[in-house]
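Working notes, beginning with the structure itself.
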Amino acid sequence: MVKTINILRPKFTTMADGNDATLIMHELVGESDGPTIGISAAIHGNENTGSQVILDLYRVLKDMPLKGRIILLPVVNPYAFAVNHRFSTIDELDLNRQFPGNPNGTYSQQLAHALVQEFFNKIDVHIDLHSGTDRPTVDYVYIENDEELSRAFGSTLLYRPVTDKQGTVFAGTTKAVTIETRGISSIVIELGGGIVDQGPYCQRTLDGILNMLRVRGVIEGEVAPNSKQIVVTELAGIRPTRGGWLEPLCPANGEMISGDQLLGRVVSPYTFEVLEEIKSPFKNGVMIMQHLTRNLVNAGDYGFMVGNMDGATD
């Protein structure tokens, strides 16, 4: 059994309504030594699938034998989470571009600094849960500096960023602390999202994290073997340039798509005119993110993500 469970509430600033801004974390302490695993979700407020998973994970772990510690941070960005918005409406900054933060900056910059001091500096492994926001649905895992753990999650599709290729490589993310400063294992999971039942994605994420914890010896049990996996080194994010209904026409995430296939089209809700047709950018691609339902979008909203199968490995 878990030896002790603590709720940690470090304060980092005061809000205009008089309330304290705090981090709320759950610390599960095992009965024997082992690594400290930090698991966080909802750094973007409209990505709540991971927060649901952390609730499910807590309910499973609290009655299990445990080595080391697990620190659960279910809602990294609470003021964004509360209004289902990507950024905090207090300063409209992308929290995942503010690290290592600033103790004298805006709310999001102070939050980033507090996360470094109270969370990132106290863990040995970071598992960062993302999803495709409240409209698109995504399915892949990053390979950064711990390939074993990234693969152990069990996703079919993995992405190994290469700086000289197109892809999602940004400054000021959590990796600026976990990898560049501290050198600890960093695993970013992108799974779920969209206006669909999140139950299957939550279950997949829960199963994947439990397998990762078994790999590290934090919990008992047999490690599940990896099925066939595909590793791409180039991703293309495709955003519509017109607003309207985005109608998906592509195959399911994880399936192949060629450059002459349509990903989707934007249709006017008013005139019913087709305003834009969006094609896959690669001759040989694999679907990684898409809208599973007809959703209203504006120009520049998240649309699709396709991996380049040319040069992909297993």
Side-chain angles (χ1 to χ4, degrees), residues 8 10 12-13 21-25 35-47 50-51 54 70-81 85-88 90-133 138 140-150 153 158-191 209 212 233-235 237 302 305:
L8 311 175
F12 62 92
T13 191
T22 61
L23 305 177
I24 300 179
M25 298 176 288
T36 298
I37 312 293
I39 306 173
S40 63
I43 196 168
H44 294 130
N46 58 352
E47 300 179 15
S51 300
I54 290 180
I70 296 177
I71 301 177
L72 302 175
L73 178 53
V75 181
V76 174
N77 200 348
Y79 282 93
F81 179 86
H85 190 59
R86 185 171 179 83
F87 314 136
S88 164
I90 296 170
D91 56 15
E92 287 291 346
L93 292 179
D94 187 336
L95 177 58
N96 206 26
R97 306 292 183 271
Q98 305 307 315
F99 292 97
N102 180 351
N104 300 309
T106 69
Y107 167 79
S108 294
Q109 292 165 343
Q110 290 192 43
L111 173 55
H113 180 264
L115 287 162
V116 172
Q117 300 302 312
E118 304 293 341
F119 181 65
F120 292 119
N121 283 351
K122 299 180 179 182
I123 60 178
D124 305 311
V125 174
H126 182 218
I127 302 173
D128 190 11
L129 303 180
H130 291 250
S131 68
T133 77
V138 69
Y140 73 104
V141 172
Y142 280 81
I143 296 177
E144 294 284 359
N145 64 345
D146 194 326
E147 184 158 342
E148 180 186 37
L149 274 191
S150 291
F153 181 77
L158 299 105
Y159 169 49
R160 192 191 309 275
V162 178
T163 55
D164 61 349
K165 292 189 175 184
Q166 182 180 4
T168 52
V169 179
F170 302 107
T173 69
T174 58
K175 291 179 285 187
V177 180
T178 57
I179 296 177
E180 296 171 19
T181 300
R182 297 211 53 228
I184 65 173
S185 295
S186 174
I187 300 89
V188 177
I189 296 163
E190 298 268 5
L191 181 59
I209 292 173
M212 296 165 78
T233 58
E234 184 176 9
L235 297 183
Y302 283 110
M305 189 177 290

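Since this is a predicted model, take the numbers as computed values, not measurements.
- At least one donor-acceptor pair under 3.5 Å links the side chain of Glu47 to the backbone N or O of Ser131.
- The side-chain heavy atoms of Phe153 and Ile189, taken from C-beta on, include a pair separated by under 4.5 Å.
- Between His130 and Val188, the closest side-chain pair of non-hydrogen atoms falls below 4.5 Å.
- For the ring pair (Phe, Tyr, Trp, His ring centres under 6.0 Å) test, no residue two or more places apart in sequence or in another chain qualifies with Tyr302.
- Taking the side chain as every heavy atom from C-beta outward, Pro161 and Glu144 approach each other to under 4.5 Å.
- Listed here is the closest heavy atom pair of Gln110 and Gly105: NE2-O, 3.0 Å.
- Of all heavy-atom pairs spanning Lys122 and Arg182, the tightest one is N-NH1, 4.2 Å.
- When atom types are taken as modelled, the side chain of Thr173 and the backbone of Lys175 share a donor-acceptor pair closer than 3.5 angstrom.
- The distance from atom CD1 of Ile123 to atom OG1 of Thr36, rounded to the nearest 0.5 Å, is 8.5 Å.
- The six-membered or imidazole ring of Phe12 lies away from that of His113, with a centre-to-centre distance of 6.0 Å or more.
- Nearest approach of Ala176 to Phe99, heavy atoms of both residues: CB-O, 4.4 Å.
- When all heavy atoms of Val125 and Ile187 are compared, the closest pair comes out as CG1-CD1, 4.1 Å.
- Across all non-hydrogen atoms, the minimal contact from Ser185 to Asp146 is OG-OD2, 2.7 Å.
- With Ile39 as the fixed residue, the side chain to side chain contact (heavy atoms under 4.5 Å, CB included) test singles out one of Ile209, Leu73, Ile71: Ile209.
- In this structure, Leu129 and Ile127 have side chains that are in contact, with non-hydrogen atoms separated by less than 4.5 Å.
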Side chain to side chain contact (heavy atoms under 4.5 Å, CB included) for Glu118 and Met25? Distances and angles first, verdict last. CA-CA 10 Å; Glu118 304 293 341; Met25 298 176 288; 4.3 Å; yes
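- The shortest distance between side-chain heavy atoms of Asp128 and Ser186 does not fall below 4.5 Å.
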Is there a side chain to side chain contact (heavy atoms under 4.5 Å, CB included) between Val162 and Glu234? Walk through the geometry before answering. CA-CA 7 Å; Val162 178; Glu234 184 176 9; over 6 Å; no
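- Annotation: the span from Thr233 atom OG1 to Leu235 atom CG amounts to 8.5 Å, rounded to 0.5 Å.
- Atom CG of Leu149 is separated from atom CD1 of Ile37 by 7.5 Å, given to the nearest 0.5 angstrom.
- Distance check, rounded to the nearest 0.5 Å: CZ of Phe119 to CG of Leu72 gives 8.5 Å.
- Ring planes of Tyr140 and Tyr142: tilted class, angle from 30 to 60°.
- Partners of Asp91 under the side chain to side chain donor-acceptor pair (under 3.5 Å) rule, at least two apart in sequence or in another chain, are Thr106, Ser108.
- Under the 4.5 Å side-chain criterion, counting only non-hydrogen atoms from C-beta, His85 is not in contact with Asn46.
- In plain terms, the two heavy atoms of Gly50 and Ala41 that are nearest each other are C-CB, 3.4 Å.
- Residues forming a side chain to side chain donor-acceptor pair (under 3.5 Å) with Glu148 (at least two apart in sequence, or on another chain): Arg216.
- Expressed to the nearest 0.5 Å, how far OG1 of Thr178 lies from CG of Asp124 amounts to 12.5 Å.
- Using a 4.5 Å cut-off on side-chain heavy atoms (C-beta onward), Leu93 and Phe87 make no contact.
- To the nearest 0.5 angstrom, Asn77 atom CG is 11.5 Å from Ser40 atom OG.
- Considering only heavy atoms from C-beta on, Leu95 comes within 4.5 Å of Leu115 through its side chain.
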